[in-house]
Amino acid sequence: MNKYLKWGLILLFVIVNVTIFIVVAGMRSPEVAGIRRSPEVAGMRRSPEVAGMRRSPEVAGMRSPEVAGMRPPEVAGIRLPEVAGMRSPKMHRAILAPQPARNLCPYRTSTQNITPLNNTKHLLVSAYLDNRVKDWDLRIIGIFRRDSILPLHCFFCCRSYFSNHSTLASIEQHTDNFGFPFVTTDVMCQIPVGCDATHVTLSIHPDSMEAHQQMFLPIGNQESSGTEERRPQFNFTVCISNLFGDYNNVLQFTQALEMYRLLGVDRVVVYKTSCGPDLDRLLHSYSQEGLVEIVPWPIDKHLQPSRGWLYTEHGGDLHYFGQLTTLNECIYRYMDRSRYVLLNDIDEIIVPYNQRSLMPLMNELQQQHPKAGVFLIENHIFPKHHFEPSAKFHMPQWEGVPGVNILEHIYREEPNRRIVWHPYKMIVQPRMVEQTSVHSVLKNFGNTFKVPPDVCRIVHVRVALQRRLTKEQLHIDSRLWDFHDKLIPNVDKALRRIGMIS
């Protein structure tokens, strides 16, 4: 009896295993058994449910007994081909396609022309590529408190990512501060190797976490190489010293702009804190026309700027509303865009006396002085209380326009040459200037030439500098009259455009 039972169990075991083999081997679909996936399957992206979802608990950790190792007794000792060599398709781990890095840099970009640097008493103005100075790649123009300068670190956005590698900055105060607590400052940075820098910020710590809290400045002059010759957009750009207070000298400012247009100037840049309402309308009119660029300059929102140039006499944080900073900023703003930059005040006109315009003047001077990049132009005062007696150019249509008619003032002071110093203003090649003051450059890469006044001088109609001189002691200089035929109708057109004359 036991003998027949034993052979019966063996036969049953064999039948069961053969049956399992036949069923499993015959039911494998081509898609599973070895045939490649169809193009529709192989080329299709995974659905969100597959591509982005984690495996369910049943799959991720709750493997069934058959899979986990709890083999049933009936197959405990036999390795079935179907199980040993095959993995179920649904058990394959999803392979996620590489995702592009999120563009988190810059974290915060400044849209202002004056940006406070957190955790310091300093202000940042602008940043420009500048590799003219050995070992440095970039210059940040700022306004720093002189008694609070600490080491700083430069952090960069490299086109699409934040560089955690900072570089130690070099901080250089400009030598002209006139005793004020705040001074124009250059911060020089090295750009990390391989970084295509688009934005920069500074931090007092090398830790990148603090840099994330700072405002980033866009980097200007991106096309600059420092050595290659480039065709500039403009030939002549005038950088006007700061406009502040309620200055509303509309007539003289219009005449100055139209004179510059006749002399060949392409762009006039005005850093404006405030001005009178009529002049404001005029500025915006010229801005829409394209001659004037208005750069908002709210320095009074950050410091107590002075209306004078000497701290002991006028007090405040910064001289003349940051005049030195704006002149330097303007040079770098137009370094790659303008062949020449003129640095002068709003009521000054640099006028050639033996040429009709500025271009033939500069061509002649550059030919005579090829290594010069700075040309000093002597300032000549035309006292506004002395009038030309014939009233030849007293224009009735201008009587209601606020300001001075420069055509009525032809009496010129000769500078007192017995004193060592008298003021000059400048025409510069911007790429040959590193730092500037008001009447001379502080650092440059070429020579400086003083232009003789019979070749070119500044026509400056204002209060007399030598007040004791009588009209008979002054020189008659009617050079501006040479331009009256075009100047007067052009001024009329500009004033009519803003409704100042009918």
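Treat the numbers as computed from the prediction; the structure is a model and nothing was measured.
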Per the salt bridge (Lys or Arg N to Asp or Glu O under 4.0 Å) rule, what does the pair list look like for [range], sequence neighbours excluded?
range	result
residues 192-209	R159-D196
residues 346-362	E348-K425
residues 489-500	E289-R497

Side chain to side chain, F180 and S306, heavy atoms closer than 4.5 Å: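 In short, these two side chains touch, coming nearer than 4.5 Å.
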
Residue pairs involving residues 166-191 (criterion side chain to side chain donor-acceptor pair (under 3.5 Å); sequence neighbours excluded):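 For residues 166-191, and leaving out neighbouring residues, the side chain to side chain donor-acceptor pair (under 3.5 Å) pairs sorted by first residue read R139-D186, E172-K443, H174-D186, D176-S437, T184-T325, D186-Q435.
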
Suppose we screen for salt bridge (charged side-chain N to carboxylate O under 4.0 Å, His left out). Which residues come up paired with [X], at least two apart in sequence or across chains?
X	result
D280	K272
E378	R417
E399	none
D147	R145

Is any NZ, NE, NH1 or NH2 atom of the basic residue among D345 and R462 found under 4.0 Å from an Asp or Glu carboxylate oxygen of the other?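 R462 and D345: not salt-bridged.
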
Carboxylate-amine/guanidinium proximity below 4.0 Å for R457 and D477: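 Looking at D477 together with R457, the answer is yes, because their closest N to O distance falls below 4.0 Å.
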
With sequence neighbours excluded, residues passing side chain to side chain donor-acceptor pair (under 3.5 Å) with N354: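 Listed in chain order: nothing, the list is empty.
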
Y332-E434 side chain donor-acceptor pair, cut-off 3.5 Å: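 No, E434 and Y332 have no side-chain donor paired with an acceptor closer than 3.5 Å.
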
E329 and Y128: side chain donor to acceptor below 3.5 Å: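 The criterion, which ignores hydrogens and geometry beyond distance, is satisfied for Y128 and E329.
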
Can we call the ring centroids of H409 and F387 under 6.0 Å apart?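 Yes, ring centres under 6.0 Å apart.
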
What about the rings of F393 and H484, do their centers lie closer together than 6.0 Å?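 For F393 and H484, the ring centres are under 6.0 Å apart.
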
Set of disulfide bond (SG atoms under 2.5 Å apart) partners for C275, sequence neighbours left out: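 None.
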
Residue list, disulfide bond (SG atoms under 2.5 Å apart) with C456, at least two apart or on another chain: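 By the disulfide bond (SG atoms under 2.5 Å apart) rule, C456 matches no residue at all.
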
Side chains of residues 292-304: which donor-acceptor pairs under 3.5 Å do they make with residues two or more places apart or in other chains?
{"residue": "E293", "atom": "OE1", "partner": "Y334", "partner atom": "OH", "Å": "2.4"}
{"residue": "E293", "atom": "OE2", "partner": "R333", "partner atom": "NH1", "Å": "3.0"}
{"residue": "W297", "atom": "NE1", "partner": "F321", "partner atom": "O", "Å": "2.8"}

